[in-house]
Amino acid sequence: MVTEPLPVLRAVDGGTAKLMPDVDRERAWLLTVDGAPQSYVDLDEPTHLEFEYARRLAHVVDCALGEGLPLGVVHLGGGALTLPRYVAATRPGSRQDVVEADRGLLALVAEHLPVPEPGPDGRGIHVHAADAREWLEEAPTGSADLVVGDVFGGSRVPAHLTSVEYAREVARVLRPGGQYAANLADGAPFTFLRSQLATFGAVFEELALIAEPAVLRGRRFGNLVLVASHVPVDTARLARLAAGDPFPARVEHGPALIRLTGGAPTVRDEDAVASPVPPDGAFGIG
């Protein structure tokens with residue numbers, strides 16, 4: 001007799017975490033914290049990405065450097081390690097550092113959704129229990145091909161990960177030709193998003209934005225993925241991947257982003273604020 005997996009409920013540093021099995025996929029789980037979806041993981045098929053924003057971050061991974069080559073990736077924000085598992089599957093031999101401040105959440109994931117230990121050569125997934133900004137400030141210069149910012153305190157991006165000073169630390173850690181990709185959340189009139197475009201545009205020469213058209217038109221609050229680099233971003237390939245996705249999205253860059261920024265001021269540490277509180281139901285689940 002096969003026993004169906006049961007939900008797991010546990011208090012973590014950031015609230016109450018719940019792991020719920022997917023009835024349609026044998027070893028797939030949804031992680032929520034205080035009812036807000038955080039991660040979806042299929043242990044048998046790590047390239048299966050359920051959330052729209054995760055698929056868009058994966059498009060950035062797919063376009064980084066040469067296709068299939070190993071990457072050095074820093075993930076700021078861990079959740080259930082969905083994207084690190086994707087990178088491990090699509091970019092074998094990659095060295096990945098995952099930084100997550102919630103030790104309780106890390107313990108829950110390690111117990112129920114473990115990842116293989118890194119090899120003696122340092123390749124694999126290394127998990128660090130630390131504040132994202134503090135860890136980044138101690139990271140070696142020029143040590144990553146890709147830095148992914150996916151940190152949410154509740155449903156908001158913390159203020160100390162939105163400033164020019166933070167953007168400069170990201171730029172320092174990136175290797176020449178490296179990219180930063182951030183999962184952001186906002187809605188019309190896009191005050192937070194515009195500030196992030198201005199802030200990262202003050203540090204990086206090239207920006208791109210991936211988002212669902214309805215979000216870009218201000219019809220609903222949602223996730224937007226910001227890409228920043230010192231070298232041109234392959235926006236043509238990103239646009240093809242985003243448009244062909246089961247959840248189609250657009251890629252904005254160049255003059256369109258300049259217009260969207262609209263003269264917004266850059267953000268300094270002393271005046272940084274967290275991303276806006278999502279409206280009721282924006283990220284909730286039934």
Side-chain angles (χ1 to χ4, degrees), residues 46 53-54 56-79 81-101 106 115-152 157-158 160-184 196 199-210 225-235 237-238:
Y53 82 84
R56 288 161 195 160
L57 289 172
H59 295 332
V60 179
V61 171
D62 294 342
C63 292
L65 299 182
E67 187 172 355
L69 293 178
L71 297 173
V73 187
V74 171
H75 302 266
L76 303 177
L81 282 69
T82 302
L83 195 64
R85 298 172 202 266
Y86 178 88
V87 173
T90 60
R91 302 283 189 140
S94 293
R95 156 81 192 218
Q96 302 188 74
D97 290 288
V98 181
V99 186
E100 171 60 59
L106 287 178
V115 295
E117 291 292 326
D121 57 1
R123 297 178 182 181
I125 299 173
H126 301 253
V127 179
H128 310 273
D131 174 81
R133 173 84 175 260
E134 292 176 2
W135 189 93
L136 193 70
E137 289 170 348
E138 297 297 322
T141 298
S143 57
D145 300 302
L146 179 65
V147 174
V148 178
D150 189 16
V151 181
F152 281 77
V157 179
H160 68 307
L161 304 181
T162 68
S163 67
V164 169
E165 291 86 348
Y166 165 71
R168 287 174 181 158
E169 284 299 317
V170 170
R172 180 188 62 79
V173 170
L174 286 172
R175 295 181 179 128
Q179 294 184 347
Y180 175 66
N183 177 30
L184 307 177
Q196 293 307 282
T199 297
F200 282 87
V203 176
F204 293 94
E205 292 81 3
E206 302 288 337
L207 298 180
L209 189 68
I210 313 171
V225 170
L226 171 66
V227 184
S229 178
H230 287 308
V231 300
V233 176
D234 190 350
T235 52
R237 187 177 179 205
L238 266 182

Specify the closest pair of heavy atoms between Q96 and L83, including all atoms of both residues, with the distance to one decimal.
-> OE1-O, 4.4 Å

Kindly give the heavy-atom pair with the smallest separation between L76 and V151, and that separation in Å.
-> O-CG2, 3.0 Å

Short side-chain to backbone donor-acceptor contact, S229 and G178, under 3.5 Å = yes

What is the minimum heavy-atom distance between L174 and Y180, and which atoms define it?
-> CD1-N, 4.0 Å

So, R172 and E169, do they make that salt bridge, N to O below 4.0 Å?
-> yes

Approximate separation, where rounding is to 0.5 Å, of E134 CD and H128 NE2 | 14.5 Å

Nearest-0.5 Å distance that lies between atom CG in L106 and atom CD in E100 | 5.0 Å

Between T199 and Y166, does a side chain to side chain contact (heavy atoms under 4.5 Å, CB included) hold up when you go through it step by step?
-> CA-CA 10 Å; T199 297; Y166 165 71; over 6 Å; no

D145 and R175 have their tightest heavy-atom pair at OD2-NH1, 2.9 Å

Report the distance from atom CG of L184 to atom OG1 of T162, rounding to the nearest 0.5 Å.
-> 10.0 Å

Can you check whether F152 reaches V157 side chain to side chain, under 4.5 Å on heavy atoms?
-> yes

Q179 versus V60, closest heavy-atom pair with distance = OE1-CG1, 3.5 Å

Do the non-hydrogen side-chain atoms of F204 and V233 ever get within less than 4.5 Å of each other?
-> no

R95 side, atom CZ; I125 side, atom CD1 - distance, nearest 0.5 Å = 11.5 Å

Under 4.5 Å between any side-chain heavy atoms of E165 and H160, yes or no?
-> no

Minimum heavy-atom distance P70-S94, with the two atoms named = CA-OG, 3.5 Å

Neighbour count >12 (heavy atoms, 6.0 Å) for atom CD, E205 = yes

Within a strict 4.5 Å, meaning less than it, do heavy atoms of the Y86 and L57 side chains meet?
-> no

Is any side-chain N of the basic residue among R133 and D131 closer than 4.0 Å to the acidic one's carboxylate O?
-> no

What distance do L209 atom CG and T235 atom OG1 have between them, rounded to the nearest 0.5 Å?
-> 12.5 Å

H59 and R237 side chains, donor-acceptor separation under 3.5 Å = no

Any sub-3.5 Å donor-acceptor pair from R85's side-chain atoms to L81's backbone N or O?
-> yes

Using a 4.5 Å cut-off on heavy atoms from C-beta on, say whether the side chain of H75 contacts that of D97.
-> no

